[in-house]
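Letters go in sequence order (proteins before strands), and every chain restarts at 1. Atoms considered below: every heavy atom in the structure, side chains included; atoms not considered: hydrogens, waters and symmetry mates.
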There are 2 protein chains.
Amino acid sequence: MQNLSKNQQIIFDLIDKSPEPLKAYSILFNVQKRGIKAPLQVYRALDKLVEIGKIHKIESRNAFIACQNSSCQISKATAFSICESCEKVTEINNSNLSKYLTSFKDKNGMKYNKYNLEFFGLCKKCVSKKS
Amino acid sequence: MQNLSKNQQIIFDLIDKSPEPLKAYSILFNVQKRGIKAPLQVYRALDKLVEIGKIHKIESRNAFIACQNSSCQISKATAFSICESCEKVTEINNSNLSKYLTSFKDKNGMKYNKYNLEFFGLCKKCVSKKS
DNA sequence: GTTAAATTGTTATAATATAACATTTTGTAA
DNA sequence: TTACAAAATGTTATATTATAACAATTTAAC
């Protein structure tokens, strides 16, 4: 488990302490006081952090969250629940699910080495608000 | 099953006959000769086509493909296989998988009404090329 | 210490997507 | 068959997300 570079650490810390997924330009705005001035500096750090599995990209939202799993390695099997009302995102850590999907084989004979799953719905709070 | 409007039909036809996912501005370029001149015209048609389930958005690619299922309704349960080499995308239509995911409940008690799953790997052709 | 790899800094620009507002077309119900 | 609402269209401008290209600096490994 390698150490993070300066920019990577700054950006990871910000994402890690955020209760919600952060977007690249929101990150940029928040780290400008720490010397990171350009979008590319943010995107490069994000790319690296995704690559080493410290963060995940929520594809449907173009936003990033810190990995919730203690064994934070290269992420080949990711699943998230997303509340369509409050936009809260939670990483799903369910071994039954990951076993099922990791071993899933479709009839096309393709060999999968990675997947990303996003569930959408209403979280408990938002369900009760609407009732 | 409602009829499509003029712009929706033009854009659906283009996507439907494409062997690969199409991006919004590639669509725009291709339909300009048919009178669709502005990005917003494309995005509005895409939004509607996604909403009624005629096409799907491949989130990791920002691209759109026609629904492969004959029962082309509002799409609450989508799964795709994506070749990371040739970028071929195929919709997965596997009842075991969709049953498993539709009935999936996580410990957070959230009620899901939709999911999107993207598998990544190498398709048969690309596997044999690399061997 | 030298060197290769990784990271950083910087400017510019490409690619993706929506806001705002006016107009036209379509469906439907009196 | 008209009138009304909903949907779709047209248009300009702009917001948001992401990468290209190139130079300099830092880090890690030998």
Exercise for review: Could you check how far CZ of A:Arg61 sits from P of D:dT16, rounded to whole Å?
Suggested key: 17 Å

Review point. Does A:Asn62 place a side-chain N or O at less than 4.0 Å from the phosphate oxygens OP1/OP2 of C:dA17?
Key: no

Check your understanding: Using a cut-off of 4.0 Å between protein heavy atoms and nucleotide atoms, how would you tag nucleotides 22-30 of chain D 5' to 3' with B, S and -?
Key -> ---------

Review point. Side-chain contact, heavy-atom cut-off 4.5 Å: A:Leu117 with B:Tyr115?
Key: yes

Practice item. Answer yes or no: does a side-chain N or O of B:Lys6 lie under 4.0 Å from OP1 or OP2 of D:dG10? Key: yes

**Study point:** Carboxylate-amine/guanidinium contact B:Arg61 B:Glu118, below 4.0 Å
**Key:** no

Review point. Distance only, no hydrogens: is a donor on one side chain within 3.5 Å (strictly under) of an acceptor on the other, for B:Asn93 and B:Glu91?
Key: no

Review point. Side-chain heavy atoms under 4.5 angstrom apart, residues restricted to Ile, Leu, Val, Met, Phe, Trp, Tyr: same cluster for A:Phe12 and A:Ile27?
Key: yes

Review point. Once you round it to whole Å, what is the distance between P of C:dT25 and CG of B:Asn7?
Key: 13 Å

Exercise for review: Quickly work out the A:Leu46 CG to D:dT17 P distance and round it to whole Å.
Suggested key: 12 Å

Exercise for review: Give the intermediate values and the outcome of ring-ring contact (aromatic ring centres under 6.0 Å, His included) for residues A:Phe104 and B:Phe119.
Suggested key: CA-CA 10 Å; A:Phe104 178 79; B:Phe119 282 106; 5.3 Å; yes

Review point. Does a donor on one side chain sit under 3.5 Å from an acceptor on the other, for B:Glu59 and A:Ser60?
Key: no

Practice item. Rounded off to whole Å, could you give me the CD1-to-C1' distance for the B:Ile10 and D:dT9 pair? Key: 12 Å

Check your understanding: Going by heavy atoms closer than 4.0 Å, what residues in residues 17-32 of chain A are next to DNA chain D?
Key -> A:Lys23, A:Tyr25

Review point. Would A:Tyr25 and A:Asn30 satisfy side chain to side chain donor-acceptor pair (under 3.5 Å), going step by step from the backbone distance to the final call?
Key: CA-CA 9 Å; A:Tyr25 277 73; A:Asn30 274 282; over 6 Å; no

**Study point:** Donor-acceptor side-chain pairing of B:Gln9 and B:Asn7 below 3.5 angstrom
**Key:** no

Exercise for review: Report yes if a side-chain nitrogen or oxygen of A:Ser5 is closer than 4.0 Å to either non-bridging phosphate oxygen (OP1 or OP2) of C:dA6; otherwise report no.
Suggested key: no

**Study point:** Between D:dG10 (P) and B:Arg34 (CZ): distance, integer Å
**Key:** 12 Å

**Study point:** Residue whose closest nucleotide on DNA chain C lies nearer the 5' end, A:Ala45 versus A:Pro39
**Key:** A:Ala45

**Study point:** Electrostatic pair B:Glu20-B:Lys88, nearest N-O below 4.0 angstrom
**Key:** no

Review point. For A:Lys57 and D:dA18, is the shortest distance between a side-chain N/O and OP1 or OP2 below 4.0 Å?
Key: yes

Review point. Does B:Gln41 have a side-chain nitrogen or oxygen under 4.0 Å from the phosphate oxygens OP1 or OP2 of D:dG10?
Key: yes

Check your understanding: NZ of B:Lys37 versus P of D:dT12: gap in Å, rounded?
Key -> 8 Å

